[in-house]
Amino acid sequence: MGAITLKESYPVEAGDFSTAGEASGKIKRVLKKLGIDSAIVRRVAVAAYEVELNLVIHSMGGHMDLIVEPDYLQLNVHDRGPGIPDVDLAMREGYSTASDDVRTMGFGAGMGLPNMRRNANDFSIRSTVGVGTDIEMGFKL
Ligand SMILES: Nc1ncnc2c1ncn2[C@@H]1O[C@H](COP(=O)(O)OP(=O)(O)OP(=O)(O)O)[C@@H](O)[C@H]1O
Ligand SMILES: [Mg+2]
């Protein structure tokens, strides 16, 4: 365990499309300020945006915890909500339960979870139906 450079928690509200993207935007700015390599900042920002939008669209709200150590960055995300009945299915490219309304807004391609896994060095997801979902992503710095 390295020394912690930074530890912050960002709340995400369900259903609020007017503030959607704010938490991941803040995370991107904080990482830039810390002087983290811009290619890594981009990968974290993409993963953070996808997970934030999933909380807005699919959950009842939660938070994203950012922990930066000298050579590792963690993004740990927790939500309350319906959970995911079949995680393997949800991880497939193109799988989405998004409503027509949400699709009209440009979401629901079923690419968010696969994008997170692709952009992170380490990815884990645990979900309990009727309780919520936990996603942990790790990035080597
Ligand atoms: N936090 C969550 N809580 C409950 N269900 C979720 C959550 N995140 C994802 N899901 C489920 O997994 C599916 C796939 O998620 P994914 O992010 O890959 O696609 P999407 O959100 O439907 O579309 P896109 O991310 O491309 O806009 C969702 O449609 C939803 O059924
Ligand atoms: Mg998504």
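Numbering of ligands and ligand atoms starts at 1, following listing order.
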Near [X], which atoms of ligand 1 are under 4.0 Å from a heavy atom of that residue?
X	answer
Thr97	28 (C), 29 (O), 30 (C), 31 (O)
Phe107	27 (O)
Ala109	23 (O), 24 (P), 26 (O), 27 (O)
Ser96	20 (P), 22 (O), 29 (O)

Practice item. Tell me which part of Glu50 gets within contact of ligand 1: side chain, backbone, both or neither, using heavy atoms under 4.0 Å. Key: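 Only the side chain of Glu50 comes within reach of ligand 1.
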Check your understanding: If waters are left out, how many protein N/O/S atoms lie within less than 2.8 Å of the Mg ion (ligand 2)?
Key ->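 N, O or S atoms of the protein closer than 2.8 Å: 1.
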Practice item. Examine ligand 1 and decide if any of its atoms is less than 4.0 Å from a heavy atom belonging to Ile84. Key: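 Ile84: in contact with ligand 1 (<4.0 Å).
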Exercise for review: May I ask whether Pro114 places a heavy atom under 4.0 Å from ligand 1?
Suggested key: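 Pro114 counts as a contact of ligand 1 under the 4.0 Å cut-off.
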What is the closest protein heavy atom to [atom], and at what distance does it sit?
atom	answer
atom 8 (N) of ligand 1	Asn54 ND2, 3.4 Å
atom 19 (O) of ligand 1	Gly110 CA, 3.2 Å
atom 15 (O) of ligand 1	Leu113 CD1, 3.7 Å
atom 14 (C) of ligand 1	Tyr95 O, 3.4 Å

Looking at side-chain heavy atoms only, is the closest gap between [X] and [Y] below 4.5 Å?
X	Y	result
Phe139	Leu31	no
Met60	Asp79	no
Val68	Ile36	yes
Val12	Tyr10	no

Check your understanding: Without hydrogens or angle criteria, can the side chains of Tyr72 and Asp122 be said to hold a donor-acceptor pair below 3.5 Å?
Key ->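 Side-chain D/A pair, Tyr72 to Asp122: present.
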With respect to [atom], which of [options] exhibits the smallest heavy-atom separation?
atom	options	value
atom 21 (O) of ligand 1	His78, His58, Met111, Met105	His58
atom 1 (N) of ligand 1	Asp79, Asn115, Val129	Asp79
atom 25 (O) of ligand 1	Gly132, Ala90, Gly112	Gly112

Check your understanding: Is a side-chain donor or acceptor of Glu52 paired with a backbone partner of Ala20 at a separation under 3.5 angstrom?
Key ->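 Absent.
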Check your understanding: Does Arg80 have any salt bridge (Lys or Arg N to Asp or Glu O under 4.0 Å) partners at least two apart in sequence or in another chain, and if so, which?
Key ->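 Listed in chain order: nothing, the list is empty.
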**Study point:** Non-neighbouring partners of Glu8 that pass salt bridge (Lys or Arg N to Asp or Glu O under 4.0 Å), sequence neighbours left out
**Key:**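 Here no residue qualifies.
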So which heavy atom on [X] is nearest to which on [Y], and how close?
X	Y	value
Ile84	Ala90	CG2-CB, 3.6 Å
Pro11	Ala23	O-CB, 4.4 Å
Met64	Val51	CE-CG1, 3.7 Å

**Study point:** Heteroatom proximity flag, Gly108 to ligand 1, N/O under 3.5 Å
**Key:**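 Yes, since at least one N or O of Gly108 sits under 3.5 Å from an N or O of ligand 1.
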Exercise for review: With sequence neighbours excluded, give me every side-chain hydrogen bond (donor to acceptor under 3.5 Å, both in side chains) pair touching residues 130-141.
Suggested key: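 Every side-chain hydrogen bond (donor to acceptor under 3.5 Å, both in side chains) pair that includes a residue of residues 130-141, provided the two are not neighbours, is His78-Asp134, Ser127-Thr133.
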Point to revise | Ion pair Arg118/Glu93, N-O distance below 4.0 Å | key: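 Judged by the 4.0 Å cut-off on N to carboxylate O distance, Arg118 and Glu93 do form a salt bridge.
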